[in-house]
There are 2 protein chains.
Amino acid sequence: MQPDLTDRKILELLQQNAQMTIKEIAAHINLSVTPVHERIRKLEKEGIIDKYVGLLNRRKLGKALIVYCNVTLDKQRKESFEDFNEAIVKMNEVLECSIVSGNFDYMLKIVVEDAEAYNQFYQHKLSALKSVLHISSYFVISEIKYTTAISVV
Amino acid sequence: MQPDLTDRKILELLQQNAQMTIKEIAAHINLSVTPVHERIRKLEKEGIIDKYVGLLNRRKLGKALIVYCNVTLDKQRKESFEDFNEAIVKMNEVLECSIVSGNFDYMLKIVVEDAEAYNQFYQHKLSALKSVLHISSYFVISEIKYTTAISVV
DNA sequence: GTTGAAACCGGTTGTCT
DNA sequence: AGACAACCGGTTTCAAC
């Protein structure tokens, strides 16, 4: 079932701060705790709320560099994609990987310590994959915006 | 202060599931609740844990389309960047926006309902910005990997 | 860092409207 | 479907080791 406006308000709040108490959420949307509690449970059960995670400060952990990169595969055979996908999922430097339309095959987002760490990743892990033909890397100079919250209201 | 190995194990767990109880975390890393509690408080206070958020299932909310796009500004003046940045931060279709090195200025990640919604966004919001010279859009055909967790161990 | 205890508070459940 | 109240479990703080 599709969430109504009240559900969506709850989703907006939980996307900003998963530690809000039900009481606080209830106050924000002028309800009591019971319906808020029921709605959250339903949204979790239906998988509309996928999970709750902690977001870390990259820089304070020495992961200063983000690189977006475009990858083209050697042969666009089914097995090439399968091999590449399987390898990418295991690489914890890769936060995002999607097959895209256009003049290359994949868009990746990679987080590493610094340029040297990226060089290591590039040479020994990414370009080492058999199916990879070409890679273009775009180093992030300044992160203007980053959010995990999609607009639902 | 830099987090030690125990802190990093806690961070790994909280990045996967922010709702783990302190008792559960303690069990995973063979400690009692008191030190785990103290460490988490410290990591939050130092801003190493930035925040806790709920992650939603895009598809179940009708936001089926991800588009990565490259933007080049008309004039690379300071004011052009400032205007563009300010406008982008307000657009809730834009989840990520970074200034990058290379043959264009910005990399964006955009989430919308469908191709028609992207068309509306593209025509009336993104390309409507005065400072924008050129936009290349890459539609996501298949999302292979998406995580918010950076590797810390 | 560990154990144990106590206070507190939010999540949870049942009942009533 | 929402409000109210009681219960339970986890968090939080403290003491002592």
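Here is the naming used below: chain letters follow the sequence lines, and residue numbers restart at 1 for every chain.
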Engineer: Can you tell me which nucleotide in D/dA3, C/dG11, D/dG10 comes closest to the side chain of A/Pro35?
Structural biologist: D/dA3
Engineer: Rounding to a whole Å, what distance do you find between A/Ile10:CD1 and D/dA1:P?
Structural biologist: 12 Å
Engineer: Find the distance B/Asn30:CG to C/dT3:P and express it as a whole number of Å.
Structural biologist: 11 Å
Engineer: Measure from CG on A/Asn17 to P on C/dG10 and round the result to the nearest Å.
Structural biologist: 13 Å
Engineer: Which atom names give the shortest non-hydrogen contact between A/Gly54 and B/Ala18, and what distance separates them?
Structural biologist: N-CB, 3.7 Å
Engineer: From the options C/dT13, C/dT2, C/dG11, select the nucleotide whose nearest atom is closest to the side chain of A/Arg41.
Structural biologist: C/dT13
Engineer: Provide, to the nearest angstrom, the distance between the CD1 atom belonging to A/Ile25 and the C1' atom belonging to C/dT12.
Structural biologist: 15 Å
Engineer: Which of these nucleotides, D/dT12, C/dT2, D/dA3, is closest to any side-chain atom of A/Ser32?
Structural biologist: D/dA3
Engineer: Starting at CD1 of A/Ile22 and ending at P of D/dC8, how long is that distance when rounded to a whole Å?
Structural biologist: 18 Å
Engineer: For B/Gln16 versus B/Ala149, what's the shortest heavy-atom pair and its separation?
Structural biologist: NE2-CB, 3.8 Å
Engineer: Does a side-chain N or O from A/Arg39 land closer than 4.0 Å to OP1 or OP2 of D/dG2, or not?
Structural biologist: yes
Engineer: If I take atom OH in residue A/Tyr52 and atom P in nucleotide C/dG11, what distance separates them, rounded to the nearest angstrom?
Structural biologist: 10 Å
Engineer: May I have the step-by-step check of side-chain hydrogen bond (donor to acceptor under 3.5 Å, both in side chains) for A/Ser137 and A/Tyr122, ending in yes or no?
Structural biologist: CA-CA 9 Å; A/Ser137 303; A/Tyr122 181 96; 5.5 Å; no
Engineer: Roughly, in whole Å, what's the span from CD in A/Gln19 to P in C/dC9?
Structural biologist: 17 Å
Engineer: Grab the CD-P distance between A/Glu38 and C/dG14 for me, whole Å please.
Structural biologist: 11 Å
Engineer: Could you check whether B/Tyr68 and A/Tyr106 have their ring centres less than 6.0 Å apart?
Structural biologist: no
Engineer: By nearest nucleotide on DNA chain C, pick out whichever of A/Thr34 and A/Lys23 is the more 5' one.
Structural biologist: A/Lys23
Engineer: On DNA chain C, nearest-nucleotide positions of B/Thr6 versus A/Val33: which is more 5'?
Structural biologist: B/Thr6
Engineer: Think B/His37 has a side-chain N or O under 4.0 angstrom from the OP1 or OP2 of D/dT12?
Structural biologist: yes
Engineer: Does atom CZ (A/Arg77) have a neighbourhood of more than 12 heavy atoms from anything else shown, all under 6.0 Å?
Structural biologist: yes
